[in-house]
Novice: 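Okay, handing you the structure first.
Quick note on labels: first sequence line is chain A, next is B, and so on, each numbered from 1. Note that the structure is predicted; figures quoted are calculated from it, not measured.
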There are 2 protein chains.
Amino acid sequence: MGITKTEHFTEQQNDLAILAKAIGHPARIAIIQHLIKVNSCICGDLVNELPLAQPTVSQHLKELKNAGLIKGNFEGNAICYCLNEEGFEKIKVFFESINTYLENKKDHCC
Amino acid sequence: MGITKTEHFTEQQNDLAILAKAIGHPARIAIIQHLIKVNSCICGDLVNELPLAQPTVSQHLKELKNAGLIKGNFEGNAICYCLNEEGFEKIKVFFESINTYLENKKDHCC
DNA sequence: TATTTATATTGCAATATTACGATATAAAAA
DNA sequence: TTTTTATATCGTAATATTGCAATATAAATA
């Protein structure tokens, strides 16, 4: 039905899914990578960096912001976006637990 | 248009997006967590563990498999699924670069 | 061989996502 | 104050995702 049965899963599972889903688009990966590359907030030059129209970029920024992966501050007539450490911290913990498991697991069958 | 402009992004950006998107659903998070919890392949008991019908679970498993996050082997008349280290390795590298950046960055503006 | 058991596929309805033109908003600059 | 610049929102079309009943497949067992 296109509607995820959110209520049947734990809050942690839903939170992680929201974060991963927000990262799950090449434009949003590109935005994150650009933020890291320029090593500061991005104020304005993002539309020129991406192969997408301005409203589309704005929409992707909104989704990253809603997921808690970036945060934006007004800076004059522009808005500056930075990575939000909180969001990435949550995912980090999840992937660390997976990596710990994968490093220690013995290959039982697969 | 609902269609991602895949061709305008790098292969790495698209690959990462596919992986993150596959993780971006609570049922698929639950599957991954269950695989870690039981510390072996899952052969059959997954439908009982999830609040979803069997075809839906099968579909989620397929998506995780297509993304390269799990792998399945026939085991008699059942199929056993395990985590696929390769897929998680790719994401791990991405998140490590983000974490390295976040740990070293000075808060310029946001 | 017939039945059971486990999983996959098909088909479809409901909802979500993606993209962008048009337009709105709001601060800066002329 | 008017214009420019930067960003957000609205509306809408195209496509994707989610979920499941019905059905198919395929190996194990009776």
Side-chain angles (χ1 to χ4, degrees), chain A residues 1-9 13-14 17-31 34-35 41-67 70-82 109-110, chain B residues 1-9 13-14 17-31 34-35 41-67 70-82 109-110:
Chain A
M1 294 161 186
I3 184 165
T4 298
K5 295 179 119 186
T6 303
E7 70 278 12
H8 295 315
F9 297 97
Q13 287 166 341
N14 285 311
I18 287 170
L19 288 164
K21 197 174 180 181
I23 298 173
H25 190 288
R28 298 193 288 265
I29 296 269
I31 290 170
H34 186 64
L35 274 166
C41 301
I42 43 173
C43 311
D45 60 339
L46 196 51
V47 174
N48 303 320
E49 295 284 335
L50 294 176
L52 296 168
Q54 180 269 323
T56 309
V57 173
S58 185
Q59 194 173 283
H60 283 304
L61 286 168
K62 191 179 175 183
E63 280 174 60
L64 285 170
K65 196 178 176 185
N66 286 344
I70 63 172
K71 50 189 171 181
N73 286 348
F74 284 89
E75 189 92 1
N77 69 333
I79 292 187
C80 295
Y81 283 108
C82 274
C109 66
C110 302
Chain B
M1 294 157 187
I3 185 166
T4 299
K5 295 179 122 188
T6 303
E7 71 277 12
H8 294 316
F9 298 97
Q13 286 166 342
N14 285 310
I18 287 170
L19 288 163
K21 197 174 181 181
I23 297 173
H25 190 289
R28 298 194 288 265
I29 297 269
I31 290 170
H34 185 64
L35 274 165
C41 303
I42 43 173
C43 311
D45 61 339
L46 196 51
V47 173
N48 303 320
E49 295 285 334
L50 293 177
L52 296 168
Q54 180 269 322
T56 309
V57 173
S58 185
Q59 191 173 285
H60 283 305
L61 287 168
K62 191 180 175 183
E63 281 174 59
L64 285 170
K65 197 178 177 187
N66 286 344
I70 63 173
K71 51 189 173 183
N73 286 347
F74 284 91
E75 188 92 4
N77 68 333
I79 292 187
C80 295
Y81 283 107
C82 273
C109 66
C110 301

Novice: Rounded at 0.5 Å granularity, tell me how far CG in B:N48 sits from CD in B:Q54.
Specialist: 11.0 Å
Novice: In chain order, what residues pass the side chain to side chain contact (heavy atoms under 4.5 Å, CB included) check against A:K65, with sequence neighbours excluded?
Specialist: A:I70, A:Y81
Novice: Measure the shortest side-chain to side-chain distance between B:S58 and B:K62 over non-hydrogen atoms and say whether it is less than 4.5 angstrom.
Specialist: no
Novice: Run the side-chain donor-acceptor check on residues 22-30 of chain B: report pairs under 3.5 Å with partners two or more places apart or on a different chain.
Specialist:
unit_1, atom_1, unit_2, atom_2, d
B:H25, ND1, B:A27, N, 3.0
B:H25, NE2, A:T4, OG1, 3.3
B:R28, NE, B:A22, O, 2.5
B:R28, NH1, B:H60, ND1, 2.9
B:R28, NH1, B:E63, OE1, 3.1
B:R28, NH2, B:K21, O, 3.4

Novice: Given atom CG of A:L64 and atom P of C:dT17, what is their separation to the nearest angstrom?
Specialist: 13 Å
Novice: Kindly give the heavy-atom pair with the smallest separation between B:C82 and B:L35, and that separation in Å.
Specialist: CA-CD2, 4.0 Å
Novice: I need the CD-C1' distance between A:E63 and C:dA16, as an integer number of Å.
Specialist: 10 Å
Novice: Can you list everything that forms a side chain to side chain contact (heavy atoms under 4.5 Å, CB included) with A:H8? Sequence neighbours excluded, please.
Specialist: A:K5, B:P51
Novice: What does nucleotides 3-9 of chain D look like as a protein-contact string, B for base, S for sugar-phosphate only, - for none, at under 4.0 angstrom between heavy atoms?
Specialist: --BSBBB
Novice: According to a strict under-4.0 Å criterion, is A:H25 in side-chain N/O contact with OP1 or OP2 of C:dA16?
Specialist: no
Novice: Look at B:H60 and D:dT17 and indicate whether a side-chain polar atom (N or O) is within less than 4.0 Å of OP1 or OP2.
Specialist: no
Novice: Is any side-chain N or O of A:K21 closer than 4.0 Å to OP1 or OP2 of C:dT17?
Specialist: yes
Novice: Quick one: A:E7 CD to D:dG19 P, roughly how many Å, whole number?
Specialist: 10 Å
